[in-house]
2 protein chains.
Amino acid sequence: MPEGPSPGQNHLLAELPADVMARLMPLELVTMPLGKVLYESGDTLRHVYFPTDSIVSLLYVMESGASAEISVVGNEGLIGVALFMGGESTPSRAIVQSAGHAYRLPGQVIKEEFNRHGALLQLILRYIQALLTQMAQTAVCNRHHTIDQQLCRWLLLSLDRLPGNQLTMTQELIANMLGVRREGVTDAAGKLQKLGIIEYSRGHITVLNRDALEQLSCECYAVVKKETDRLLPYLTQSAHSDVEKVYIDQ
Amino acid sequence: MPEGPSPGQNHLLAELPADVMARLMPLELVTMPLGKVLYESGDTLRHVYFPTDSIVSLLYVMESGASAEISVVGNEGLIGVALFMGGESTPSRAIVQSAGHAYRLPGQVIKEEFNRHGALLQLILRYIQALLTQMAQTAVCNRHHTIDQQLCRWLLLSLDRLPGNQLTMTQELIANMLGVRREGVTDAAGKLQKLGIIEYSRGHITVLNRDALEQLSCECYAVVKKETDRLLPYLTQSAHSDVEKVYIDQ
DNA sequence: CCACCTCTGTGCGCTACCGCACATATGCAT
DNA sequence: ATGCATATGTGCGGTAGCGCACAGAGGTGG
């Protein structure tokens, strides 16, 4: 079943009715190389991105250079909500965390459609609430949970947004996302490997036992997952459904 | 200049045009006693609240009982955004952190007005972006900053939402908000008192040197303040303006 | 095959914060 | 005034994570 890229691989786009999609014609497929910065803190946003098989992290970088991931966005969401909100910019950076593709749309086009106050508005509002939940939970998690727990959460969040059970990610980068030392991640990942839950080598991580990850993760993963499913139910029924396809259990 | 409560004391309400306000007639003034829970995690929201001289904290309480403040809302904002988003509930608790008053509106009424897609929609969207910024910054702050710094940030956030330079708040409650030990707050507050920056006794804190607080605070306070001012500029020109009054420098 | 760069492993002293136990102080009610 | 509940101060051992330094290990390109 060879599959070319299609807008329907992004769950938000998949939900939009045909007439809306027709007005979003300027949709443009772009490649998302690892590490690419979609926008920098304070930049005026020019596009919104709907990831298909890529993952983007919203990262806050402090004056000191230390950083922390605020949110992670894959094919369930979009990057650039500030465009709708009237702000046009945010104090965070959007950076590609897992290479792949996304559909891109000029800010002007999506704003016009948004201002029709139709299906897109409703969908975006729900998505924003899911985003609020994710950010809130990140704050809680940063306060109370160990690196071990957070690594599990982070792996699960990434896994949910990728087709297979592999991710390409060095411990250094994970440390950046979690806002901790690289050595801390080495420790935590080492434990998981000894337990046979993951396997990794030089930036390639394979998850062998997803259930165990969920066991070891803090409650934060489940809370965010549950709330996202509640807010955007149809969007998560199938991990990689196509517009034209019948939904199937994965 | 004796001042009774007026909807205009809430900055969001103050910004709404007269015709919108006319449709929000069911506005009801309610007292907000310290510790009152406006809604519990998962509750279906029945009202939205526009604080005038009260402060409400959005608190996440974990399975273990540990907690963390997600956001703080005073007369610059409103409580209950989930009503607009299509979610109807959130996984957090809203609790009155500083006693006072608020204007309350049945969810149905505000939703109807929201769905007219007029001035209220625009205002709420901007407010939500400010909220997103505050949550994101909370996450970062929890990750990287010391209790000392966070206490300063927290005091400033509260101060901005109150008329005077006093707040009624035990160290125990502050510890709950920050998600740290009470003793940690005692330590930090003790230092500030020794420096002559604050003065406190049994739940009453007086800020003597606001500038010093800003110096000792982490950058998080300034980032949130700046972004809020940018997104909702007119709202912050005067701390306690009335609808009918000309704006004056406080 | 070798050199090199990147990624991962490990050790060590240090600090912030935790959990607990208990001492002291302060306002309020009678 | 006197008691009492609540708020605050302090000390102590334990731990998670930090910053740093450096040692292997594994790809990649010449």
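Given the structure is predicted, the values throughout are model-derived calculations rather than measurements.
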Check whether any side-chain heavy atom of [X] sits under 4.5 Å from a side-chain heavy atom of [Y], and report yes or no.
X        : Y        : result
A:Gln97  : A:Leu173 : no
A:Asp187 : A:Ile147 : no
B:Asp160 : B:Tyr221 : yes

Shortest non-hydrogen contact from B:Ala139 toward A:Ile70: CB-CD1, 4.3 Å
Just how far, in rounded Å, is [atom2] of [N] from [atom1] of [X]?
X        : N      : atom1 : atom2 : answer
B:Gln149 : C:dA16 : CD    : C1'   : 12 Å
B:Asn142 : C:dC18 : CG    : P     : 11 Å
B:Lys191 : D:dG9  : NZ    : P     : 13 Å
A:Arg143 : C:dA16 : CZ    : P     : 15 Å
B:Ile205 : D:dA7  : CD1   : C1'   : 12 Å
B:His144 : D:dG19 : NE2   : C1'   : 15 Å

Residue pair [X] / [Y], side-chain donor-acceptor N/O under 3.5 Å:
X        : Y        : result
B:Arg143 : A:Gln150 : yes
A:Glu199 : A:Thr206 : no
A:Arg161 : A:Ser54  : no

Those residues that, when tested against B:Thr146, pass side chain to side chain contact (heavy atoms under 4.5 Å, CB included) (two or more places apart): B:Asp148, B:Gln149
Base-contact (B) and sugar-phosphate-only (S) positions in nucleotides 8-13 of chain C, heavy-atom cut-off under 4.0 Å, - elsewhere: BBB---
Please write out the pairs of protein N or O atoms and N or O atoms of nucleotides 14-16 of chain D separated by less than 3.5 Å, giving the distance to one decimal.
none

